[in-house]
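To start, the structure itself, in structure tokens.
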Amino acid sequence: MLLRISLTGRVRPRATVTGVQASSRWSTVIDVLPVAAAIGVFGVIYGATASTVIGHQMTVASSLLIFSGAAQFTMVGLVDAGAGAVAILLAVSVLALRHLPLAAVVLPRLDGGRPRRVLLALVLLDETAGLAVASTRPAAQTMAVVGAAAYLCWVGGTVAGVLGADLLAAAPLASVVFVILFIGLSALTCRSVGDVGRAAAAAALTWPLLALLPSVGALGAIVVAVGCAATVAGRRS
Amino acid sequence: MTWTLLLVLTVVTVASRVLPMALLPTPRGRAAEILEALPAPLFASLAALPLVGDGDAPALPVLLAAIGALLGATRRSLALTLACGIAGFVVGEVLVG
């Protein structure tokens, strides 16, 4: 029987090691596929929509450089509505504020120095941060793999949309994948009954807040989430 | 829309990602406790965001997808959550016609 000695000195059957590696690869693929597919579909829709407003070259350049669906759709919507540069800059800046809590959540889980963190920051998205926090694999590895796949699908989708691809029919399913994904990530990051209660409260409070004040958008949702997280009881030394 | 504006928007977005990742200190004390508790409510809020959209009630397929995802999430499996959510969406689409 083939054996492998692990770093801890324990002897393990090779079949078990390769089985774990294969299982890890499969779980990575399962994590990446729906995210990348949904982002790719939105990339196609963005490319088709934006190219009629800001032109082909600028559409592709925006996806290559900005890599943020929310910011880019907002930018194109405002340009199409005739908004000025200051209004567009303000709207994109407000959306960019969501990266602050995402970074704060991910940072304690990342090893390595500042250069590595800066590189990973380039793929800091809701999805990469969520999967990095929820995954049992190293957070940096998850962020890098999911982020690279998301970037390729976003840019590739944008190019396809600019070239005339039409996936508008798939938009509802792609949109709902994000809802499902965030519900799954919320469940995976619950470690106690208290976490479940805070997650339920956050969803329940976000709903009426956005129904009453739709303009607060993602920033409002994040404020609600931080407020709910702040109800966690402090540890006593 | 000018190339200059596109570059400024790029700088704003990239800086909003890079600066906190490079400069935020490792949280300690109460801040660390809150951040430790943040992921679950954060993703719950982000899930509610597209559900509510611009203030309208969600469509039946989206609602059934969310319910399916919640049922799948009880097993704490992302794959099962996705499968149940998409199944809920398909059922909703069929019901709506």
Side-chain angles (χ1 to χ4, degrees), chain A residues 30-31 34 54 58 61-62 65-66 68 71 75 79 85 89 92-93 96 99-101 103-105 107-108 114 117-118 121-122 124 126 130 133 173 175-176 178-180 182-190 195 198-199 202-203 206-207 210-211 214 218 221 224-225 228-230 232 234-235, chain B residues 1-3 5-10 12-22 24 26-27 30 32-55 59 61-62 65-66 68-70 72-74 76-79 81-82 84-86 89 93:
Chain A
I30 288 170
D31 285 354
I54 60 174
M58 206 174 274
S62 64
L65 296 171
I66 298 178
S68 168
M75 173 188 80
V79 171
L89 182 59
V92 170
S93 301
H99 295 132
L100 187 61
V105 164
L107 268 178
R114 192 167 284 171
R117 282 156 46 181
V118 167
L122 299 176
L124 181 66
D126 298 338
V133 170
L173 179 58
S175 172
V176 94
F178 290 113
V179 177
I180 296 167
F182 286 134
I183 290 173
L185 289 174
S186 181
L188 284 178
T189 49
C190 283
D195 282 342
R198 281 183 285 277
T206 300
W207 199 310
L210 291 178
V224 167
C228 290
V232 68
R235 290 191 203 101
Chain B
M1 183 76 185
T2 63
W3 284 99
L5 178 59
L6 179 63
L7 288 178
V8 171
L9 296 176
T10 301
V12 167
T13 308
V14 172
S16 74
R17 288 181 173 130
V18 169
L19 290 180
M21 287 281 277
L24 274 182
T26 304
R30 183 68 183 148
E33 289 170 359
I34 293 172
L35 283 175
E36 185 69 26
L38 183 57
L42 180 63
F43 296 123
S45 282
L46 290 176
L49 193 61
L51 272 177
V52 186
D54 52 4
V62 179
L70 281 171
T74 57
R76 297 178 63 81
S77 159
L78 195 57
T81 305
L82 281 162
C84 291
I86 290 173
F89 178 80
E93 286 282 303

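We name chains A, B, ... by the order of the sequence lines, and we start the count at 1 in each one.
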Interatomic distance, [X] atom [atom1] to [Y] atom [atom2] [nearest 0.5 angstrom]:
| X | Y | atom1 | atom2 | result |
| --- | --- | --- | --- | --- |
| A:S62 | B:L5 | OG | CG | 11.0 Å |
| A:L185 | B:L46 | CG | CG | 9.5 Å |
| B:L70 | A:I180 | CG | CD1 | 10.5 Å |
| B:L19 | A:H99 | CG | NE2 | 12.0 Å |
| B:L9 | A:S93 | CG | OG | 7.5 Å |
| A:L100 | B:L24 | CG | CG | 6.0 Å |

Handout entry: Toward chain A, the part of B:V14 with a non-hydrogen atom under 4.5 Å
Key = side chain

Handout entry: B:P39 versus chain A, the contacting section by heavy-atom distance below 4.5 Å
Key =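 B:P39 touches chain A through backbone and side-chain heavy atoms alike.
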
Please name the pair of heavy atoms, one in [X] and one in [Y], separated by the smallest distance, quoted to 0.1 Å.
| X | Y | answer |
| --- | --- | --- |
| A:P101 | B:L38 | CB-CD2, 4.3 Å |
| A:F182 | B:A47 | CB-CB, 3.6 Å |
| B:F43 | A:D126 | CE2-O, 3.9 Å |
| A:A187 | B:A73 | CB-CB, 3.4 Å |
| A:A202 | B:A44 | CB-CB, 4.5 Å |
| B:S77 | A:L188 | N-CD2, 4.3 Å |

For [X], is it the side chain, the backbone, both or neither that has a heavy atom under 4.5 Å from a heavy atom of chain B?
| X | value |
| --- | --- |
| A:L124 | both |
| A:V176 | side chain |
| A:V179 | both |
| A:I54 | side chain |
| A:R198 | both |

Practice task
Say whether, by atom type as modelled, one donor and one acceptor occur between the side chain of B:S45 and the main chain of A:A203 under 3.5 angstrom.
Solution key: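 Between the backbone of A:A203 and the side chain of B:S45 there is no qualifying donor-acceptor contact (under 3.5 Å).
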
Fill in the blank from the handout: Note: vs chain B, highest number of non-hydrogen pairs under 4.5 angstrom among A:A71, A:A61, A:A103, A:P108 is A:A103

Problem - For chain B, the option from A:V118, A:L107, A:V92 that forms the most heavy-atom pairs under 4.5 Å - result: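 With the most close heavy-atom pairs to chain B, the winner is A:L107.
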
Heavy-atom pairs under 4.5 Å with chain A are the metric here; pick the option from [options] that has the most.
| options | value |
| --- | --- |
| B:L78, B:T2, B:T81, B:V12 | B:L78 |
| B:A40, B:G85, B:A37 | B:A40 |
| B:G72, B:C84, B:A15, B:P20 | B:P20 |

Exercise for the section: Go through the steps for A:L65 and B:L7 under the test side chain to side chain contact (heavy atoms under 4.5 Å, CB included), then give the verdict. Expected result: CA-CA 8 Å; A:L65 296 171; B:L7 288 178; 4.2 Å; yes

Problem - Step-by-step side chain to side chain contact (heavy atoms under 4.5 Å, CB included) determination, A:L122 to B:R17 - result: CA-CA 6 Å; A:L122 299 176; B:R17 288 181 173 130; 5.9 Å; no

Practice task
Would you mind reporting whether A:T189 and B:E36 have side-chain heavy atoms less than 4.5 Å apart?
Solution key: no

